[in-house]
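Treat the numbers as computed from the prediction; the structure is a model and nothing was measured. Sequence lines set the chain letters: A, B, ... in the order given, protein chains first and strands last, and positions in each chain run from 1.
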Amino acid sequence: MAKGGGTYDPGAIETEIYAFWERGDGHRSYFAARPDSGRVPFTIVIPPPNVTGALHLGHALNNTLQDILIRRKRMQGFDACWLPGTDHAGIATQAVVEKRLLETEKKTRNEIGREALVERIWKWKDEYEARILGQLRKMGCSCDWERTRFTLDETCARAVYETFFRLFKDGLIYRGTRLVNWDAALQTAVADDELYHESVKGHLWHIRYPVADSNGATEQRSDGGAAPSHLHPSTPFLTIATTRPETMLGDTALAVHPDDPRYQHLIGKHVTLPLVHRRIPVIADPILVDPKFGTGVVKVTPAHDPNDYECGLRNNLPQLNILTKDGRIRDDDEGKRLFGPYAGMERYAARKQIVKDLEAASLLEKAEPHEHEVGHSDRSKTPIEPMLSEQWFVKMAPLAEPALEAVRDGRVNFFPPRYAKTYLDWLGEKRDWCVSRQLWWGHRIPVWSYYGLAHQFASPAAAIAHGEVREKLRLRLQTLVASGAVAICYEDEPIANAARLDDREAFATKKHRICIADPGNSELVKQLADAGYEQDPDVLDTWFSSALWPFSTFGWPEKNSEQAEPPPASNPEFAIRYSQFAIHRYYPTSVLSTARDIISLWVARMVIMGLYNTGDKPAGPGRVPFSHVCIHPVIQDGNGRRMSKSTGNGVDPLDLIELYGTDAMRFTLASMAGETQDLRIPVSYHCPHCDALTQHSSVVPHNKFPRDIPKVKCKGCGKEFATVWADQPLKDQLGVGLDTSERFELGRNFCNKLWQAATGFVLANLTEESNGPRTLSRQQLALEDRWILSRLQACIAEVDRRIEAYQFSDAAGAIYAFFWGEFCDWYVELVKPRLAKKGDAAPDQRSDESRLVARQVLAFVLDQTLRLLHPIAPFVTEALWHRLNAVAAWRGIDELQEGGPALIVAEWPRVQSQWIDADAELRMSRLQDVVRALRDVKTRVNGIRAAARETVIRNLPQAVLRADARLTAEFEASRAALLTLGNCDAIDIGERLAKPPEAASKIFAGYELYVSLSGLANLDLERQRLGKEIDETRGHIERIGSKLGNESYVRGAPPAVVERDRAKLEELRSKLTSLEENLAGISN
RNA sequence: GGGCGCUUAGCUCAGUUGGUUAGAGCGCAUGCCUUACAAGCAUGAUGUCACAGGUUCGAGUCCUGUAGUGCCCACCA
């Protein structure tokens, strides 16, 4: 082969190989699950990526790991089912589409309306879903594409509505008030994760609240001590501090700590709310109040502060909302009455005015400048207001307990196990789950409300007609409730059974809500609308549908889902649905792979819903959705920040694939995916103009919005270019800088090494002669054959053990070390002489036999390596598999096996213990010692010669290897290898050989190597080296000696350890003697 | 503030129940186009295992504390 004959080019084969897999066996894709195969299923559902944008490196990692698991199980003969899909991601997606709408058309969602907005979001979803699924394909993911789901598609929606209905019927869903983050600009609630905090310069205002029960007299403390200084003797007051003075309008109490001696006498008394003169009580609350902070008095505004809200609940305080939806002080009747002059004012204007008025009334003690973090809406960039609103909740207490139990009793296991704590701690709080969101993008809550007799009818006839419509509905509802298609809830009474509907009067007058199991029943929906019902405008939390993902995707609650028997072949349509919705087969899934940050948001809720839904009966004890949860590390950038799109430091895996190849990316990610540490990957931009690298995201501020960094300035040429996250026009205009990181060279180099070794050596040596392989016995194998086969068994065992434990980096490392460090570096080099053909110089003695055996071992080891590596690096291994099949269809040692048409479905390697060979490994390690020693001597000789401007030598002329009789025979058998690999022209091997003059030496346990340096190099460096080694050896002897001299060590340590140290000491002493002799021998 | 990790070579990280002289990749140094591979080969150098105590015959490993760092959760009137 020509020198420098090209490197592995992944781009050339990846597309073709992926198409090959998708074509499959001509009947079905190799990726498709085979529910009719009779094999044991192995299922993974993908954590559905958000359709907000493209995937980044974090997704690449997670999906690589899942593909590793699924591909290995497929090869092990399981019916592997990896279900792909995407998540509608509620607010996140709606927000990006609204943002774009505003940017491109200057319109708000209210201007275009609910339907039009939702339509646009669907378009966005189609675009990004396609991009995401395309990325997964490029990454080589072997998903069963026929099963691709979307959390908002019809199949998933059915499960959502069914679940909501069951919860509703079981009384596990209720309406409650909750503080939400209110965006007054967009007039919507925003989720916690859509907030960002920004430091705002404000003031801490200290306000005096006069004590109201004092009759103007000095309050006496119960212990008779002096009043605190801030209690004015004539008009006592309490001072509070606040950053939002306008919220005082909503105060319904002041709180002090119950043990605070300063305020004991005031607990239970009242103060007057300044300016608006409302009496509010002074209460004691040990949770809200820290007596050491500030004045130890806190104003309580339950309707506008989360802590105050909790305090209000504890103390039965009224919740007084002071704000309108657009951020003004309320000016409805109650607002006018309570807030007087401030009613109707914009919130910040009100703040200003209130401060001014307090000052005027001498109730403002002081105003300190104060910088604090204020929550802002990611979408409008305005400060959010905590505001009370009515929401839907799921009761967690009864649901959480079984889910806790499932982890405690080991039905669900976390890997690494420490993450079980995260899960248990969070679920243990059993906090009710707010499932409603004030959005348009999502599953609309399937509840219709009737608000009693609110209708104004145009005429008496219309009223009568309406009554008839309602009566008809009532009768129908009775049937529907009885059949379990509808559930009804009267005001405060959670569940009404069908009998309640007998009460026509109540039905006509009372507020009630109707939850229907199938909101797709348009005829019923219309009937409800006609009868004066309104559907709840909100949608469900996106995690609600995510929680159902392990079974909603398989068609639950499809009827056939509980049937275990296959459908009759005579009904093809049913057979397809059966196959598609094979929940009986693929649920519970086998393993879930995800990052740790959504253990509570997602993992816990899947367990809850799985247990709740998948029992034999509705709401019966169900099955856990997976038995293993694999928590993989988080990818960080070079500065240790979590990699994500929103932080602006995300990396598109396609960039890395373009630069390094898919297998290289996957192998590198797998190599880095350890159990304890997150992966830090410094990334740079590859300038499209000048190829220079610019550090990635080194200056992106964490909290600033927008976080997008679509433009980057090149450090090399100074030109600007776009990042992959930029919009297309910008990309076209500036060119796109690809993300890159030299970390991925590890994988690229390994893939190249595999490719070169396989095509350039193994396959090249298999092409000639066509004798097929035959079964071989141990006697026919050379030392290196036995050794590499033994090492191969160790590698297989290690890879198995590591993948089973989700220790991916160790699995990748084991293959790397075996193939590169043992097979390529040693076996290939050892076997080269045996492959020399007749007529070549210096053919091996046993040429024919030996050559054929070597070829067979080469083919077999490559075969096994390709199988082992395939889950991690699927493309290059599959490509080589086909090439190997072409030249050696049958492979094996003592048992032959045909390669098979596709590696993706080839059998996973098994450890064959008959090839584990400790003797060969020991002999080989001695051979390696001698070879390394010879190379070392040569390198040092050449170092001296180069320094002296002499030509370097290619080979050492002569070496002497002194060993006992047994080892002499052993080395004699490997003489050729010693000479070739040790770059040595001649070697004497024997028991009592004379040490050559002026010799460099290496001392091993039981054998010594000498190389005369006469005429090659001066001896100074060898003397130095020996001196150093002697020092080291003496130090070592001293350490072990003193250890063994310590009686308590000899008594306390295990005998085997002591024995080993004794032997070691003996060995070191003899080594020291030799070293000293050698040094003396070359000293003047 | 609570919880969970991390701190080992210049960089990124391994290091199993405590037990030989603490390892890998990259980088570095030297020499090599040795007929698979320069994305390569060979050889070599590089460590106060964050710090301070403790347990032990023996600590990178176990315990306590300190400092730094990252993530998750809760967030201070």
Open item on the list: Would you measure the distance from the C1' atom in C11(B) across to the matching atom in G27(B) and give it in whole Å?
Closed with: 7 Å
From CZ of F823(A) across to P of A36(B) the rounded distance in Å is 13 Å
#### Entry: Phosphate-side-chain proximity, K1064(A) and U21(B), N/O vs OP1/OP2 below 4.0 Å
no
Per nearest nucleotide of RNA chain B, the residue lying toward the 5' end, R1039(A) or A946(A), is R1039(A)
ask   = P atom, G68(B) versus C51(B): distance in rounded Å?
value = 16 Å
Contacts of Y209(A) meeting ring pair (Phe, Tyr, Trp, His ring centres under 6.0 Å) (sequence neighbours excluded), chain-then-number -> none
For D810(A), the side-chain hydrogen bond (donor to acceptor under 3.5 Å, both in side chains) test, sequence neighbours excluded, returns none
Rounded to whole Å, OH of Y419(A) lies from P of G5(B) at a distance of 8 Å
Residues passing the ring pair (Phe, Tyr, Trp, His ring centres under 6.0 Å) test with F415(A), sequence neighbours excluded, are H628(A), Y806(A)
The ring pair (Phe, Tyr, Trp, His ring centres under 6.0 Å) partners of W426(A) (sequence neighbours excluded) come to none
Sorted by chain and number, sequence neighbours left out, side-chain hydrogen bond (donor to acceptor under 3.5 Å, both in side chains) with R1025(A) holds for E1022(A), E1029(A)
- Spacing of the P atoms in A67(B) and G25(B) (rounded, Å): 38 Å
### Message
Taking only the C1' atom of each, what is the distance from U55(B) to C62(B) in whole angstrom?
### Response
8 Å
Review point. For V298(A), which contact category applies under a 4.0 Å heavy-atom criterion: base, sugar-phosphate, or nothing?
Key: base
Residues passing the side-chain hydrogen bond (donor to acceptor under 3.5 Å, both in side chains) test with Q1024(A), sequence neighbours excluded, are none
- [ ] Ignoring backbone atoms, test whether R945(A) places a side-chain nitrogen or oxygen under 4.0 Å from the OP1 or OP2 oxygen of U30(B).
- [x] no
From CZ of R748(A) across to P of A38(B) the rounded distance in Å is 12 Å
Please state the C1' separation for the pair C49(B) and G15(B) - nearest whole angstrom. 11 Å
When rounded to whole Å, the CZ to C1' distance for the pair F414(A) and G5(B) reads 16 Å
Any base atoms under 4.0 Å from A241(A), or only sugar-phosphate, or nothing? Heavy atoms, all strands. sugar-phosphate
Using atom names, set out every protein N or O paired with an N or O of nucleotides 9-13 of chain B below 3.5 Å, distance rounded to 0.1 Å.
{"from": "U12(B)", "atom 1": "O4'", "to": "R743(A)", "atom 2": "NH2", "distance (Å)": "2.9"}
{"from": "C13(B)", "atom 1": "OP1", "to": "D678(A)", "atom 2": "O", "distance (Å)": "3.3"}
{"from": "C13(B)", "atom 1": "OP1", "to": "R680(A)", "atom 2": "N", "distance (Å)": "3.3"}

Practice item. Give one of base, sugar-phosphate or nothing for R431(A), where a contact means two heavy atoms less than 4.0 Å apart. Key: sugar-phosphate
| field | Nearest-Å distance once atom C1' is located in both G53(B) and U17(B) | value | 26 Å
Applying side-chain hydrogen bond (donor to acceptor under 3.5 Å, both in side chains) to D1061(A) and not counting sequence neighbours gives K1043(A), Y1049(A)
Quick one: do the Y660(A) and T668(A) side chains pair a donor with an acceptor below 3.5 Å? no
If I pick the C1' atom on U16(B) and the same atom on U43(B), what distance separates them, to the nearest angstrom?
31 Å
Of the candidates G31(B), G3(B), U21(B), the side chain of K421(A) sits closest to G3(B)
note: E1029(A), atom CD; A45(B), atom P; distance rounded to Å ~ 11 Å
Rounded to whole Å, CD of E829(A) lies from C1' of C32(B) at a distance of 14 Å
Exercise for review: Please state the P separation for the pair C26(B) and C71(B) - nearest whole angstrom.
Suggested key: 30 Å
Exercise: do N752(A) and T7(A) side chains pair donor with acceptor under 3.5 Å
no
Scanning both residues in full, the closest heavy-atom pair of F761(A) with K832(A) reads CE1-CG, 3.6 Å
Which protein N or O atoms sit under 3.5 Å from an N or O of nucleotides 41-43 of chain B?
{"from": "C41(B)", "atom 1": "OP1", "to": "K753(A)", "atom 2": "NZ", "distance (Å)": "2.9"}
{"from": "C41(B)", "atom 1": "OP1", "to": "W820(A)", "atom 2": "NE1", "distance (Å)": "2.5"}
{"from": "U43(B)", "atom 1": "O2'", "to": "D936(A)", "atom 2": "OD1", "distance (Å)": "3.4"}

Rounded to whole Å, CG of L754(A) lies from P of G40(B) at a distance of 14 Å
Name the pairs: protein N/O against N/O of nucleotides 58-62 of chain B, kept only if under 3.5 Å.
none

For D678(A) and V634(A) the tightest heavy-atom approach is OD1-N, 3.0 Å
Taking pairs as Watson-Crick (N1-N3 plus N6-O4 or O6-N4) or G-U wobble (N1-O2 and O6-N3), each distance under 3.5 Å, the stems of three or more consecutive pairs with RNA chain B are B:1-7 with B:67-73, B:10-13 with B:23-26, B:28-32 with B:40-44, B:50-54 with B:62-66
### Worked verdict on R802(A) versus E798(A) for salt bridge (charged side-chain N to carboxylate O under 4.0 Å, His left out)
CA-CA 6 Å; R802(A) 294 303 193 172; E798(A) 178 75 352; 3.0 Å; yes
F750(A) meets the ring pair (Phe, Tyr, Trp, His ring centres under 6.0 Å) criterion, sequence neighbours left out, with F667(A), Y816(A)
In whole angstroms, the gap separating C1' of G5(B) from NE2 of H632(A) amounts to 16 Å
Inset, instruction - List the steps, then state whether salt bridge (charged side-chain N to carboxylate O under 4.0 Å, His left out) holds for E1067(A) with K1071(A). - result: CA-CA 6 Å; E1067(A) 187 191 318; K1071(A) 181 180 179 180; over 6 Å; no
